[in-house]
Amino acid sequence: METTEISVDIDDSILVERAQAGDYGAFNELVSRHDRKIYRLAKRIVESAEDAEDVLQDTFLKAFEHLDNFQGNSKFYTWLVRIAVNESLMKLRKRKTSRTVSLDEPAGNGEDPVVREIAVWDGDPEQRYSQEELRALLDGAIQELKPSFRTVFLLRDVEELSTEETASALNLSIPAVKSRLLRARLDLRERLTRLFKKKGDDLFAYL
Amino acid sequence: MLTCKDFLREISDYLDDTCDPTLRNDLQSHIKECPNCWVVFDTTKKTVNVYKGTEPQAVPETVQKRILAAIEKRQEAKKQAATGPPK
Ligand SMILES: [Zn+2]
């Protein structure tokens with residue numbers, strides 16, 4: 001099959017069908033559509049640009065190898081995210097042999113989540129910081145979370161997988177996904193509020 | 001009456017709008033009367049949105065090239081497997 005013109009408004013599912021039929025240009029288009037987001041996801045899970053580059057490459061190679069197994073009952077991007085998460089976690093485990101990384105570890109110590117910083121934000125961070133500065137702040141904050149928490153947050157809130165898709169991708173129960181998401185969100189809220197709050201503006205201001 | 005602790009426990013589902021209507025109403029009344037929980041809810045929502053809204057950085061060009069080359073290699077191998085070895 002000949003490589004055909006690809007316009008930006010062609011749906012992923014059409015490109016996947018073409019790629020499955022042997023149109024390699026269509027596969028390369030899928031790569032360039034999604035490589036940024038997959039790279040960001042991998043970087044945030046493995047905490048290293050170099051490892052993230054390997055993950056990125058392995059993810060697309062795996063996707064290419066197993067393209068015929070992709071059924072189309074989920075979105076292609078969701079399928080890609082699942083591969084990337086697996087590759088990232090494998091990388092993380094390999095690197096941190098001393099400190100085991102397990103997604104099965106109990107979520108926290110069973111206590112209620114902690115909320116200390118109660119203050120409104122000083123305007124909109126997207127206006128206050130350049131995209132580059134903001135990215136660095138967000139990456140820094142998420143790196144403070146345990147892998148099992150930040151991975152759930154990334155899948156649910158950044159990649160926009162459903163609770164069910166996240167549970168299945170990470171081999172977790174639905175309640176486990178929900179409780180980790182709650183903690184991750186509140187934990188990140190705490191960290192970002194420390195960065196973005198109006199100085200001198202605290203809870204007593206509202207009482 | 002819901003306590004602030006109750007509210008915090010449900011904040012995630014409230015944000016995703018996945019709690020049942022009765023609970024949602026209770027949470028709504030709590031947040032109307034409790035400025036602290038309102039602030040926590042507002043900043044949690046903003047936290048999620050700022051992560052969602054920030055554009056990813058481009059993949060470095062050298063990495064992009066390396067990946068496309070690796071894929072091309074596989075594609076060539078697949079093509080040859082389908083058509084038989086070159087003469
Ligand atoms: Zn309250």
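Proteins get letters first, then strands, A, B, ... in listed order; numbering begins at 1 in each. Keep in mind that this is a model prediction, so the values were computed, not measured.
- Heavy-atom distances place no part of A/Ile38 under 4.5 Å from chain B, backbone and side chain included.
- When heavy atoms are compared at a cutoff of 4.5 Å, A/Leu134 approaches chain B solely by way of its side chain, counted from C-beta outward.
- Within a 6.0 Å radius of NZ in A/Lys37, more than 12 heavy atoms belonging to other residues, nucleotides or ligands are found.
- Interface with chain A: from residues 58-66 of chain B, residues B/Ala58, B/Val59, B/Pro60, B/Val63, B/Gln64, B/Arg66 qualify, criterion being any non-hydrogen pair under 4.5 Å.
- If you measure heavy-atom distances from A/Asp187 to chain B, you find no contacts under 4.5 Å at all.
- For A/Asp51 and A/Lys94, the salt-bridge test fails: no basic side-chain N is under 4.0 Å from an acidic carboxylate O.
- Neither the backbone nor the side chain of A/Leu154 comes within less than 4.5 Å of any heavy atom of chain B.
- The most heavy-atom pairs under 4.5 Å with chain A, out of B/Thr54, B/Leu68, B/Asn49, come from B/Thr54.
- A donor-acceptor contact under 3.5 angstrom links the side chains of B/Asp6 and B/Thr3, judged on distance only.
- Proximity to chain B (any heavy atom under 4.5 Å) is restricted, for A/Leu192, to the side chain, taken from C-beta onward.
- Chosen from B/Lys79, B/Lys78, B/Glu72, B/Lys52, the residue pairing most often with chain A at heavy-atom distances under 4.5 Å is B/Lys52.
- Between the side chains of A/Tyr77 and A/Glu159, at least one donor-acceptor pair of N or O atoms lies under 3.5 Å.
- A donor and an acceptor atom, one from each side chain of B/Thr47 and A/Arg191, are nowhere located under 3.5 Å apart.
- When heavy atoms are compared at a cutoff of 4.5 Å, A/Phe64 approaches chain B by way of both its backbone and its side chain.
- Contacts between A/Glu190 and chain B at a heavy-atom distance below 4.5 Å are absent for every atom of the residue.
- Other residues, nucleotides and ligands place no more than 12 heavy atoms under 6.0 Å from the NZ atom of B/Lys73.
- Classification of B/Asp13 and A/Lys178 as a salt-bridged pair holds, one side-chain N sitting under 4.0 Å from a carboxylate O.
- Heavy atoms of A/Glu53 lying under 4.5 Å from chain B belong to its backbone as well as its side chain.
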